[in-house]
2 protein chains.
Amino acid sequence: MMNDRDMDAVFQALAHESRRRMLDIVKDEPGIGVGALAADFDVSRIAVMKHLSVLEEANLIVSEKHGRTRKLYFNAAPIQMIHDRWTSDYSAYWAGHMTRIKYLAEARHETAPDEKKQGKS
Amino acid sequence: MMNDRDMDAVFQALAHESRRRMLDIVKDEPGIGVGALAADFDVSRIAVMKHLSVLEEANLIVSEKHGRTRKLYFNAAPIQMIHDRWTSDYSAYWAGHMTRIKYLAEARHETAPDEKKQGKS
DNA sequence: CTTTTATGTAACCTACTAGTTACATGATGA
DNA sequence: TCATCATGTAACTAGTAGGTTACATAAAAG
């Protein structure tokens with residue numbers, strides 16, 4: 001239902017703090033216009049519109065023209081999908097393997113936790 | 001525990017299909033070396049190393065030198081954190097509001113679902 | 001010691017991102 | 001109609017991402 005290209009777009013969109021903040025604002029004020037949204041940011045209205053394009057590309061925001069204003073709405077579907085994929089594919093499995101690895105992340109030890117494969121090249 | 005800058009790094013890292021694939025491979029073959037990993041990709045070993053830098057920057061991969069090889073390990077902690085944040089902050093709230101909005105995403109209607117605020121600027 | 005192998009660093013190129021200013025369009029209100 | 005206001009488009013710039021080739025280092029094997 002969600003291919004890799006779509007996932008790229010969603011992660012890409014979420015990778016910038018300002019865009020996450022836009023999502024929060026649109027979520028809190030559904031139907032907000034472009035200009036009103038832009039007023040909350042330091043950058044120009046055009047910059048905000050470009051961010052909006054990225055978010056619409058990722059389908060995280062949908063909009064509809066209403067007179068001379070464009071109303072913005074948040075769409076949680078893509079996040080739900082990634083959330084679901086993480087829950088099923090990633091988190092469940094990975095969480096089980098975390099304890100074996102996490103000490104490495106916290107303070108790089110010298111002893112390898114596992115010597116398995118490593119051939120192949 | 002995870003600030004916005006860290007989140008940027010994780011989303012940025014996950015935004016590219018090749019890096020997600022690297023994560024999958026390292027997850028399946030813990031302790032794999034850089035060269036062995038690079039052999040699974042079309043691009044050069046140096047390109048793969050740069051991707052690895054991004055993943056280590058995001059703390060999604062940790063590594064340790066072992067002789068002349070560097071062993072790579074997957075670290076699920078950042079994903080767990082985002083997963084938790086989504087579960088608590090985002091998904092729970094957003095999921096409740098999805099039904100009101102989703103028809104807009106599926107087939108742009110002409111009627112606004114909500115006329116609320118929209119003032120502010 | 002010399003050669004090979006695994007990894008790392010440097011310098012460079014191209015494409016894309018994120019921002020800008022200036023101008024265009026199109027609906028509203030007087 | 002005409003001025004105004006909200007939004008959209010065009011063209012440009014600076015910086016970063018993602019890729020390359022060439023060279024450097026350091027451990028293992030002979």
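Basis for what follows: all heavy atoms, side chains included, without hydrogens, waters or symmetry-related copies. In the text below, chain A, chain B and the rest are named by the order of the sequence lines, each starting its count at 1. Model, not experiment: these values are computed from the prediction.
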Item to check | Beyond-backbone contact of A:Phe74 with A:Leu23, side-chain heavy atoms, under 4.5 angstrom | outcome: yes
Checklist entry - How long is the line joining CD of B:Glu64 and P of C:dT7, in whole Å? => result 13 Å
Next on the checklist: Nearest to the side chain of B:Val34, heavy atoms from C-beta on, is which of C:dG8, C:dA18, D:dG18?
Outcome noted: C:dG8
Checklist entry - B:Leu14 versus B:Arg19: any side-chain heavy-atom pair under 4.5 Å? => result no
Checklist outcome for this item: Taken to the nearest whole Å, CG/B:Leu52 to P/D:dA17 is 16 Å
Checklist entry - With the sugar-phosphate defined as primed atoms, P, OP1 and OP2, and the base as all remaining atoms, what B/S/- string results for nucleotides 23-30 of chain C, 5' to 3', for protein heavy atoms under 4.0 Å? => result ---BBS--
Checklist entry - Quick one: is C:dA6 close enough that its OP1 or OP2 comes under 4.0 Å of any side-chain N or O from B:Arg70? => result no
Next on the checklist: In whole Å, I'd like the distance from the CG atom of A:Leu55 to the C1' atom of C:dT17.
Outcome noted: 14 Å
Checklist entry - Looking at D:dG18, D:dT20, C:dG8, which one has an atom nearest to any side-chain atom of B:Met49? => result C:dG8
Next on the checklist: Quick check: do B:Leu72 and B:Val26 have side-chain heavy atoms less than 4.5 Å from each other?
Outcome noted: yes
Next on the checklist: Quick check for you: among D:dG18, D:dT7, C:dT20, whose closest atom lies nearest to any side-chain atom of A:Ser44?
Outcome noted: C:dT20
Checklist entry - Excluding sequence neighbours, so at least two apart, what forms side chain to side chain contact (heavy atoms under 4.5 Å, CB included) with B:Ala38? => result B:Arg45, B:Val48
Checklist entry - Once you round it to whole Å, what is the distance between C1' of D:dG18 and CD of A:Gln12? => result 12 Å
Item to check | Whole-Å distance separating the CD atom of A:Glu17 from the C1' atom of C:dG19 | outcome: 17 Å
Checklist entry - Is there side-chain contact between A:Asn75 and A:Ile61, with at least one heavy-atom pair below 4.5 Å? => result no
Checklist outcome for this item: With the side chain defined as heavy atoms from C-beta on, A:Lys50 is closest, among C:dT9, C:dT20, D:dT7, to C:dT20
Next on the checklist: What is the distance, to the nearest angstrom, from the CG atom on A:Asp42 to the C1' atom on C:dA18?
Outcome noted: 14 Å
Next on the checklist: Measure NZ/B:Lys71 against C1'/C:dG8 and give the value in whole Å, please.
Outcome noted: 19 Å
Checklist entry - What is the distance, rounded to the nearest whole Å, between atom CG of A:Asp8 and atom P of D:dG18? => result 10 Å
Next on the checklist: Please confirm whether the shortest side-chain N or O distance from A:His51 to OP1 or OP2 of C:dG19 is below 4.0 Å.
Outcome noted: yes
Next on the checklist: Taking side chain to side chain contact (heavy atoms under 4.5 Å, CB included) as the definition, give me every residue that meets it alongside B:Glu17, ordered by chain and number, with sequence neighbours left out.
Outcome noted: A:Asp4, A:Asp8, B:Arg20, B:Arg21
Checklist entry - At under 4.0 Å, does any side-chain N or O of A:His16 touch on OP1 or OP2 of C:dA18? => result yes
Next on the checklist: Return the CE to NE2 distance between A:Met49 and A:His51, rounded to the nearest 0.5 Å.
Outcome noted: 12.0 Å
